[in-house]
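Working notes for the structure below.
What you are looking at is a predicted structure, and each value in this text was computed from that prediction instead of being measured. Order of listing sets the numbers, starting from 1, for every ligand and every atom in it.
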Amino acid sequence: MASSTDLAVATAEIAACMTECEACPCCGGRDLEAVACRNDLNAIDGVNDGMRDSFYHVCLDCSVIFARRRQSLASVPLFYQWFAHLERRDYAVYPPPQNYIQAKSAGARTLLGYLADRGVLSPGMTIAHVRCDAGSLLMRIREQFPDCTLHGYDYFESNIRYAHDQGLDGVGQLDAAGIKFADGTAYDLIVCNHIFTHSFDPAADLQKLYAALKPGGVLFLYNEVDHLLRFQPKGRFYQWVALNNFHKQLLSPASLEVLLTRGGFSIEDRSHRNFYMQFLARRNVATVDTSYDAAVALAAREAAPVMVRNFQRWATVQDSRFHGLIKITSKLRKALRRES
Ligand SMILES: [Zn+2]
């Protein structure tokens with residue numbers, strides 16, 4: 001386990017070169033409004049004060065709430081060395097725990113079923129999985145279509161090593177600073193797991209995905225948190241946990257739709273698994289059209305005030321001195337409602 005002195009030194013170095021977004025990192029909008037809330041690093045001893053305030057803003061054009069103050073790209077490798085420690089990712093050890101492997105394998109079965117039902121998979125495809133965990137989905141695809149070319153990327157060395165043990169030689173290191181594909185491969189399908197919530201430059205990452213896909217190729221996003229559900233007062237997915245400092249975008253269906261359509265994708269299917277969003281989109285054949293659909297833009301503008309209202313109610317509770325007490329009474333009330 002790393003010492004708190006190491007953490008203090010590392011976070012001081014990262015904090016010394018933070019950057020500030022001038023515009024919305026998703027849509028480029030400049031109609032921004034501050035929405036105050038602390039991030040989860042406030043509760044961790046040894047973290048430099050310069051990392052504790054993300055200066056959250058909402059983009060009134062696309063409704064995303066984002067960390068306006070974020071780590072510079074040069075400091076991202078150091079920042080992500082501390083990911084497992086700061087966010088308590090206990091599974092980032094080799095060999096990965098059995099329950100982690102089993103959970104990922106079960107999740108992969110569901111994802112494979114989803115993709116198969118929509119006719120996305122076929123023999124001989126070239127497929128990439130960005131943030132592929134221990135290779136669970138790639139293994140399931142290989143079982144059904146042994147002739148597919150499979151590439152994967154993940155943050156954790158333990159996952160990459162495990163994937164190699166399973167014969168998935170095409171799995172390598174995910175660059176947290178931005179999506180990078182190893183070579184000039186043209187993909188039929190790219191699957192992205194929870195990437196745009198973490199991305200330091202979502203619009204640029206989407207353009208890299210666009211460039212790496214064949215015209216008409218398919219992009220499947222999953223595990224992107226729907227923050228409209230997360231912050232919805234009295235909603236069943238209301239979450240008490242603090243804002244993860246590695247989450248740079250707090251997305252909603254509307255903001256993700258703007259990002260995708262503006263980036264040259266047509267959305268073919270959208271769904272939820274609990275409070276996680278899934279989007280199946282196809283790369284347009286024509287070059288990127290930045291004059292994306294007016295109805296999509298209008299829906300996003302209309303979603304922004306709701307997002308802000310819910311977020312601010314949530315943030316007030318989160319930052320309250322009585323947070324612990326409010327949380328317990330609220331959970332108790334909910335449990336009693338279920339009983340009666
Ligand atoms: Zn925006």
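Panel detail: the Zn ion (ligand 1) has protein N, O or S atoms under 2.8 Å away, 4 in number.
Looking at H129 and N193, their side chains never bring a donor and an acceptor atom within 3.5 Å of each other. S63 and S252 are linked by a side-chain donor-acceptor pair at a separation below 3.5 angstrom, with hydrogens and angles left out of the test.
Taking the six-membered ring for Trp and thresholds of 30 and 60 degrees, H151 and Y187 have ring planes more than 60 degrees apart, a perpendicular arrangement. Ring geometry, H247 versus H227: the interplanar angle exceeds 60°, so the pair is classed perpendicular (tilted spans 30 to 60°).
You'll find the ring centres of F279 and F265 outside the 6.0 Å limit.
R118 forms a cation-pi arrangement with Y114, by the criterion of a distance under 6.0 Å to the ring centre and an angle within 45° of the ring axis.
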